[in-house]
Amino acid sequence: MRRYGKNPDEDDVRVRPNRKGNRPRTNIRPKHEDAAEGLVLTVDRGRLTCLIDGRTVTAMKARELGRKSAVVGDRVAVVGDLSGAKDTLARIVRVQPRTSTLRRTADDDDPFERVVVANADQLAIVTALADPEPRPRLIDRCLVAAYDAGLEPLLVLTKSDLAAPDALLESYGALGVPYIVTSREELADGGAADRVRERLRGHMTAFVGHSGVGKTTLVNALVPDRQRATGHVNAVTGRGRHTTTSALALPLPDGSGWVIDTPGVRSFGLHHVDPSRVILAFPDLVPGTEGCPRACSHDEPDCALDQWVADGHADPARLYSLRRLLATRERREGD
């Protein structure tokens with residue numbers, strides 16, 4: 001039955017009053033074409049500090065992002081009050097596609113992924129040679145996460161004044177991972193910071209490591225105008241105390257690169273890692289996988305890599321290193 005006749009006008013249409021007095025909802029969202037581009041420097045309890053045109057702006061995630069979150073290193077689109085003045089708050093309306101994502105899980109049985117940083121292209125794995133003792137299994141796990149995310153690894157060994165680095169470096173020689181050895185005296189006089197800084201130029205580098213290895217102390221030496229709190233190693237447990245509670249991106253003094261200081265970790269779960277991506281970090285072994293059975297773990301009797309190495313196409317130490325890294329997913333860091 002026709003309600004309004006053949007030629008209704010606006011007066012003929014009955015509109016239900018809006019009791020709340022607000023505008024009706026719509027699925028059409030603004031495009032925010034005038035949004036400013038920003039870089040997320042740190043995240044603290046739902047508030048994100050972003051760098052926009054040389055000034056820091058505090059922002060929060062806009063509702064239209066839904067469950068999508070922004071992390072340190074993300075490139076974002078920001079609208080609202082961009083003055084950076086005290087008590088102002090802007091909104092992040094878009095997160096740009098990431099070039100890389102470094103993830104970890106609490107342990108190997110935990111399916112919940114935690115994004116550590118976004119858009120980094122280098123991972124500095126910081127470990128002390130003593131006080132606390134180095135944990136090779138944790139280093140292996142960080143290497144696997146770096147290879148899986150497409151990041152270039154860099155091994156930074158601290159406290160060489162307490163122990164020699166030779167034995168640890170020997171176990172990673174076949175991987176060809178670049179490394180830097182530092183001591184507390186070198187950090188004090190600035191020599192170590194200069195050598196590390198050369199490795200960071202042109203990169204966005206995320207620093208990861210166990211608590212107490214001197215990671216934040218090194219970051220403070222690299223960016224002396226932004227001092228972060230440091231802790232000490234417990235004499236009873238041999239473990240460091242968490243002093244860095246949130247990741248923070250800092251520019252190098254000459255603007256040639258970025259350093260991202262992350263909280264100390266006591267585990268680095270690899271539940272999210274696809275073993276087939278790890279081998280991509282071993283280009284000399286990749287051609288040998290063509291004869292592998294489907295879904296080969298590269299550590300089974302029918303793996304074609306054994307014959308590839310036996311035929312002289314690659315160094316046996318490289319295959320051993322690959323299998324050692326892949327096996328870290330089956331071992332705990334303390335094993």
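No donor-acceptor pair under 3.5 Å is formed between the side chain of D261 and the backbone N or O of T216. With hydrogens and angles ignored, the 3.5 Å screen pairs a side-chain donor or acceptor of D121 with a backbone N or O of M204. Judged by distance alone, the side chain of R277 and the main-chain N or O of G150 form no donor-acceptor pair under 3.5 Å. Side chain of T262 to backbone of A247: no donor-acceptor contact under 3.5 angstrom is found. Using a distance-only test at 3.5 Å, with no hydrogens or angles considered, a donor-acceptor pair links the side chain of D189 to the main chain of G191. In this structure, T158 contributes its side chain and V213 its backbone to a donor-acceptor pair below 3.5 Å. Checked by atom type and distance alone, the side chain of T56 never pairs as donor or acceptor with a backbone atom of L51 at under 3.5 Å. D74 places no side-chain N or O within 3.5 Å of a backbone atom of V76 that could act as its donor or acceptor partner. Under a 3.5 Å cut-off, the side chain of T105 and the backbone N or O of G269 do form a donor-acceptor pair. No donor-acceptor distance shorter than 3.5 angstrom exists from the side chain of K215 to the backbone of P263, with no hydrogens or angles considered.
The minimum heavy-atom distance between P153 and Y147, with the atom names listed, is CG-CE2, 3.8 Å. The minimum heavy-atom distance between I92 and A59, with the atom names listed, is CG1-CB, 3.9 Å. For G212 against P132, the heavy-atom pair with the smallest separation is O-CD, 3.4 Å. When all heavy atoms of P97 and N119 are compared, the pair lying nearest together is O-OD1, 4.3 Å. Nearest heavy-atom pair, T182 versus I180, reported as atom, atom and distance to 0.1 Å: CG2-CG2, 3.9 Å. The nearest pair of heavy atoms linking L48 to M60 is CD1-CA, 4.2 Å.
Hydrophobic clustering, with ILVMFWY side chains joined whenever heavy atoms are under 4.5 angstrom apart, groups L154 together with L187. Hydrophobic clustering places V177 together with L270 (ILVMFWY residues linked when any side-chain heavy atoms are closer than 4.5 Å, directly or through intermediates). Criterion: ILVMFWY side-chain heavy atoms under 4.5 Å apart, direct or through other members. Under it, L175 and L305 are part of a common hydrophobic cluster. Tracing side-chain contacts under 4.5 Å through hydrophobic residues (I, L, V, M, F, W, Y), one reaches L168 starting from L143; they form part of the same cluster. Using a 4.5 Å cut-off between side-chain heavy atoms of Ile, Leu, Val, Met, Phe, Trp and Tyr, with links allowed through other members, V71 and L151 fall into different hydrophobic clusters.
With salt bridges taken as basic N to acidic carboxylate O contacts below 4.0 Å, none links D302 and R294. Salt bridge absent: D315 and R318 never bring a charged side-chain N and a carboxylate O closer than 4.0 Å. Salt bridge present: R201 and D254 bring a charged side-chain N and a carboxylate O closer than 4.0 Å. Using a 4.0 Å cut-off between charged nitrogen and carboxylate oxygen, D44 and R47 do not count as a salt-bridge pair. The pair E64-R94 fails the salt-bridge criterion, with no side-chain N (NZ, NE, NH1 or NH2) lying under 4.0 Å from an Asp/Glu carboxylate O.
Residues Q96 and E37 have side chains in contact (heavy-atom distance under 4.5 Å, counting atoms from C-beta outward). Taking 4.5 Å as the limit, some side-chain heavy atom of H298 sits within range of a side-chain heavy atom of L326. Contact annotation: the side chain of R195 approaches that of E186 to within less than 4.5 Å [non-hydrogen atoms, C-beta and beyond]. Residues R137 and D140 form a side-chain contact, since some pair of their non-hydrogen atoms from C-beta on lies under 4.5 Å apart. In this structure the side chain of V115 never reaches within 4.5 angstrom of the side chain of L102, judged on heavy atoms. Residues L200 and L222 meet the side-chain proximity criterion, which asks for heavy atoms closer than 4.5 Å. You'll find the side chain of T205 stays beyond 4.5 Å of the side chain of V259, heavy atoms only. The shortest side-chain heavy-atom distance between R91 and H32 falls under the 4.5 Å cut-off.
Counting non-hydrogen atoms of other residues, nucleotides and ligands closer than 6.0 Å to CD of E300 gives a total above 12.
Here SG of C142 is found 11.5 Å from CG of L325. Values are rounded to the nearest 0.5 Å. E113 contributes atom CD, which lies 6.0 Å from atom NE2 of H272 (distance to the nearest 0.5 angstrom). Between L162 atom CG and S160 atom OG the span is 8.0 Å, to the nearest 0.5 Å. A distance of 8.0 Å separates CD in Q122 from CZ in F207, rounded to the nearest 0.5 Å. Atom CZ in R184 sits 6.5 Å away from atom NZ in K159 (nearest 0.5 Å). Considering CG of D284 and CD1 of I279, their distance stands at 9.0 Å, rounded to 0.5 Å.
Cation-pi check for R324 over Y172 is met; the charged atom lies under 6.0 angstrom from the ring centroid and within 45 degrees of its normal.
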**Request:** With side chain to side chain contact (heavy atoms under 4.5 Å, CB included) as the test, would you mind laying out the steps for L123 and V208 before giving the verdict?
**Result:** CA-CA 7 Å; L123 181 66; V208 299; 3.7 Å; yes

**Request:** Would you sort out whether I125 and V156 count as a side chain to side chain contact (heavy atoms under 4.5 Å, CB included), showing the intermediate values?
**Result:** CA-CA 6 Å; I125 305 168; V156 181; over 6 Å; no

**Request:** Take L285 and L322 through the test side chain to side chain contact (heavy atoms under 4.5 Å, CB included) and record every step on the way to the result.
**Result:** CA-CA 9 Å; L285 297 177; L322 169 67; 3.9 Å; yes

**Request:** Would you sort out whether V286 and W308 count as a side chain to side chain contact (heavy atoms under 4.5 Å, CB included), showing the intermediate values?
**Result:** CA-CA 10 Å; V286 171; W308 178 261; over 6 Å; no

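Between the side chains of R135 and H210, at least one donor-acceptor pair of N or O atoms lies under 3.5 Å. When only modelled atom types and interatomic distance are considered, S297 and D299 share no side-chain donor-acceptor pair under 3.5 Å.
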